[in-house]
Structures are given as structure tokens and as C-alpha cells.
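A short write-up of the structure that comes next.
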Amino acid sequence: MIAIPDSLSGLRPRRLTAAFCICLLGLAVMSRTALGAERMFRPPLEIPLYLAATFGELRSNHFHGGIDIKTQSVEGFPVHAVADGYVSRIKVEPGGYGHALYIDHPNGYTSVYAHLSRYADEIKDYVRAQQYARKMFSVDLFPPAGRFQVKAGEIVAFSGNTGGSTGPHLHFEIRNTATQYGTNALQYGFDIVDRIPPTIRKLSLYAMQDEGAIDRAGKTQLYNAVKTGAYYTLPDGHIPVITGDFAVGIETIDMMDDTPNQDGPYSIRLYVDSVLYYRLEVDAFSFDETRALNSLIDYATYVDTRDMIYKMYVSPNNRLPMIKEHRNRGVVSFKEAGLHCIRIEVADIEGNTSVAQFYVRHEPCYTPPISEEVARLLQPVKYKQRQHIVEDGITIDIPAYALYDEEDIRCTVSPRLPGMFTPTYHIHDRHTPLHKRMTLSIRADSIPEQFRSQAVLVTFNNAGMPVSAGGTWKDGFMEGSTYTFGEYTVGLDTVPPVIRPAMNMDGADLSRMQDIRILISDNFSGIKTYEGTIDGQWVLFEYDSKNDLLTYTFDEHCPVTGASHTLQMKVTDGVGNTSIYTATFKR
Ligand SMILES: [Zn+2]
């Protein structure tokens, strides 16, 4: 008899007919108390803490680096320093974290607060002075250690919705100061109620050999997970037939008490016939490695459907420290035909656990014997090497360790599309992720001289629409770097940005207005720079890129002499097309 922790006694597996598989293991329940380091920090907000997102949640091309604390759908809650320390960094940007603040603490951690509506006055004045001195809205400031000392609980800012945030909340992180590794803030014991185990949505199987298949049809099969009794399993008791070596995947979300948000799990374990094949714990990651998320998930399915499935196969170039253990890279390989038990345990950081369990019928696939020499050639080496591919009209340079797996890079060509200046190059497969950017150079000397400064590399989105991939002109070629395989060609961006006031502006009396708001957008290469002046003097327009909105809040930099003023806004796109908007107003 194996003891089962009390909290999991409801999960006792029933005896199954294929009795050789007893998928019963000591469920190592990871709770935050097991992680130590209790109560090093006070909470950053003085409202009940409900989360909209957890640390390490799967996002497009990155892991979520912090926890998102809900702010009751409004902005402006005071944000408190979570411990004594000093403000080490202040970053302002139109997208991303918006207004962000970093505090270094003597305990070796840095707390990060993002999407802020504004900073506490003393910090706000410092930032504004720096913005005016540099004539830039975007700043990344590193005040000296003694400049802004803070005490635990001190108000340092106010919560908001700036940057890439799509609703008011506080994005909060705890990083290791020395390594800048993001850590899971929940391991430090904030009061968050979570008694709900994760939900398992889908289960997937992957044939890992060329000759292999799942259910005799295709390399990948996705199944909706169904909950029967204590376990999740496959619909209708389905027992998949697997030919050859295989890997397993799971789509899962976690929910917490009293909030509808769907968060990520903390740990995932895969057992095959009671043998551990894979263990993931979302405790920390380095921001340089965040793109390796694409090798943690079933990237091909993500590209096609946006479903994010944890694929429990570990690519040779996947070095994520959150993969704690694996057996044979998660690839299950049996020599004999037979029935096997797959068991997956998913837990949140509080230890609430869900289990998926099902059987598969395995049959080995026939692989012709290979010579020793061929076997040596099949050793994984390519991803470790730089690949420099020169074809007619195109050069592709893929740096070492850019690929997660062994890949034979393919490049094919199709005729020029209307409006484009070069053939379309189909570079490998957009279902294959890249960890580092590859460099592309496409011969584009058919573009007349006078248009070359407006040339851009063009790729295509899922809907087949052309999108700019940037690039610069170099000796008859358009050269650029990209993380994405797929179709590339060269086109022109000849349309300058659009500037329009978001309010009644020209000739208006703005004496009673607090701010000037202007909308800016660009159709192709995107906004690169903007500059707003009043009577020739630079003023701070804050840029909210998700809303295409520039806002100048009247301050002491608006000239006071004369009743009439001239506003000029100059906006330039990625290839240098420029638009200028001017208006006069009274104030
Ligand atoms: Zn966030």
C-alpha cells in the first residue's frame, strides 16, 4: 500500500483491466511552504489580491515574467514598495511595460512594477526632467543607489494600464538582482486563495519517427480531455494505437478562487508505466531564454490554431532550467508491442493537482538497419553549427544554436507577386521555431534607384496579408533579420504616416483643456519617431502605442506669451516617410 496525501485521496486510481500498469506514485505535492523564503515581502497593493495571470504563463514568443494583480477594473491604486531598498531603474516605453519601476532590495531581489499610470511625485519630477533633457518620451533610467531610497510600504507609484496592458492591473515581478532571472513571486507567500486544481483541456500524442504514426493517421493527434471521476482521460475510453517512438502533450490552465481568470500551472509530470519521463516546474527563467517557450510548446499546432500545448519532448537545444528532469528527452521508445499507461499530473503552486490517465497500444515500427557511418551522420550536430545558405538571389544565415532541433533547411522560389520586386522565397517551414534571428539578404537591384530607400522585406501573416519585416538596403540586396521562417519578398513602403487630432484642434481655444491628444498610425513599416513642438519648443507627448494615441498634458513647457500658439507634430515611419501636422490654438 502506498500512502496518498490526504488532499489527494480522491484521486486514488481505480483498478484497470490491464493490471500490469499501476500508475500510482507518491504524488510529490509542491506547495509554497516547501519552497521556503516565507514573507520576505509585503504585498504591493493594499486591496485583496486576485490574479489575472501567473508567472511563466505561456504567451506569444515568451513566458509571462511576473504575476498580474487585478485592480478592480480601475487605475490609480497606490503601489507600495514590497521591502526596503532603492529605485534602481525607471523605464518608460509606448508598448511593453509602459511606465515601469524597479526597486533593488538588500536581500538580493529586485521587485518590478509595471503598466503604472504614474510615479510618486518625487520620481515623476525626476523622470519628466530626464525626458525634457533628452527630448524623448521613451527613457530607461538607472538612478544612483542613493537617489531614491524607499522603505517597505512606501507609495512609489499608482497602478494603471500603460504599455501593452489591455486592462487595468499591476504587473509585478520579483527578479534575482544578480542574475536578473525572473522568479515565481508566489513562492514568497503572498495571500492568494487558490483551492482549485488545474483544468486539463487537451491531450496530444506525437509520432517521433519518420515511419511512425498515431492511430495510423498522421504524426500528431489531439484529443479533447474528458473528466470521468477523479481523472481526466480520452473520450469514449479511446486507446490510441502508436507506431514507433512517441511523445506526449497536454493543454492545461489553472484557475483560482473567486476570479474567472485562466492562469498557468506550476508543475507538470509525465509518467509512462510509473516511470518519470518529464518534470517541469515553473520556478524561474532567464529573460534571454524566454523565447525557448516555443520549444516547450507544440509550436506547429500553435502556429496553425494558437492552441498552446505543453509538448513533453525536450529538443536538444532547449536549455530551459524549468525542465527539471527528463528521460530520453521525453521520447518513449519500446521494442515490443503492448499496452502502456500514460499518466500526467498537473499542479498549481498551492499543490492543487489534477491527473490525466489513459492507455496507449504501442507497436514498434520497422526501421531499416543503418550502417555505423550513417548513424554517425545522424548524430545531432546541425543545430550547433552556423548554417550559411547561398541560393540564386538570396542568402540565408542561421547562427549556431538558433534551431532547437536537427533541421534540413529548405528554400524554394515562386514567381514575383504583383506589387513586389523580387520572387517569393519560401524559407523552410513556418511551423519550425527559431531561438535566434536568422539574417536574410534578397537581391532587389531591380528596384529603381530613387525608390530603394523605401524598400522593405515583406512577409505574410496567417491570413496571407503582406506585413513589413523591416530591413536595410545593402549593395543591391535588402537585408534584415527575423525569428520567423516562411515566405519573404521585397516591396516598397511609399505611404507616410497618418496624423489626426483626437479633438477639435485647429483654431480652437484650448484654455480650459488639460491636454492635447493626437492619433498617429502607419500602414506598413510602422511608426519610428515622432516629435511634437509648440512654438518651436519640444514638448512631452506621451505615446500609448496600443491606442495609437499621443497625449501632451499642458505643463510649464507650453509657452505662455502670446494668445495664439502653433503646434507641430512630425511623424516618420520605418523607411523615413514623414508627415507633418500643424495647427494653431489659443491658450
Ligand atoms: Zn503581466
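Because the structure is a prediction, the values reported are computed rather than measured.
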Does the ring center of Tyr404 lie less than 6.0 Å from the ring center of His435? yes
Arg42: partners by salt bridge (charged side-chain N to carboxylate O under 4.0 Å, His left out), with sequence neighbours left out: Glu46
Distance-only donor-acceptor check, side chains Asp298 and Tyr206, under 3.5 Å: yes
Quick one: do Asp283 and Lys324 make a salt bridge, cutoff under 4.0 Å? yes
Between Tyr543, Phe541, Trp538, which is the residue that forms a ring-ring contact (aromatic ring centres under 6.0 Å, His included) with Tyr530? Tyr543
Taking atom types as modelled, is there a side-chain donor on Thr183 or Tyr181 under 3.5 Å from an acceptor on the other? no
Check whether the ring centres of Phe287 and Phe285 lie less than 6.0 Å apart, and answer yes or no. yes
Aromatic plane relationship, Tyr119 with His99 - under 30° parallel, 30 to 60° tilted, over 60° perpendicular: tilted
Relative to the ring of Tyr113, is the ring of Phe172 parallel (under 30°), tilted (30 to 60°) or perpendicular (over 60°)? tilted
Yes or no on salt bridge (Lys or Arg N to Asp or Glu O under 4.0 Å) for Arg128 and Asp555, after CA distance, side-chain angles and deciding distance? CA-CA 11 Å; Arg128 192 155 284 246; Asp555 59 11; 3.5 Å; yes
Hey, are Glu57 and Arg59 close enough for a salt bridge, meaning a charged N less than 4.0 Å from a carboxylate O? yes
So that I can tick it off, tell me whether Arg517 and Asp515 are bridged by a salt bridge, with the cut-off set at under 4.0 angstrom between side-chain N and carboxylate O. yes
Residues Asp304 and Arg430 bridged, charged N to O under 4.0 Å: yes
Lys202 side-chain N/O to Ala225 backbone N/O, donor-acceptor pair under 3.5 Å: no
Should the pair Glu281-Arg279 be classified as a salt bridge under the 4.0 Å nitrogen-to-oxygen rule? yes
Do the rings of Phe190 and Phe41 sit parallel, tilted or perpendicular, given the 30° and 60° boundaries? parallel
Can you find a side-chain donor-acceptor pair between Lys311 and Ser204 that sits under 3.5 Å? no
Strictly distance-based, threshold 3.5 Å: is any side-chain N or O of Ser481 a donor or acceptor partner for the main-chain N or O of Thr439? no
Using a strict 4.0 Å threshold on nitrogen-to-oxygen distance, state whether Asp257 and Arg195 make a salt bridge. yes
Asp263 side chain to Thr54 side chain, donor-acceptor N/O pair below 3.5 angstrom: no
What is the ring orientation for His169 with His171, classed by angle as parallel under 30°, tilted 30 to 60°, or perpendicular over 60°? perpendicular
How far apart are the C-alpha atoms of Asp405 and Lys382, what are their side-chain angles, what is the distance that settles it, and do they pass the salt bridge (Lys or Arg N to Asp or Glu O under 4.0 Å) test? CA-CA 8 Å; Asp405 269 290; Lys382 282 184 211 140; over 6 Å; no
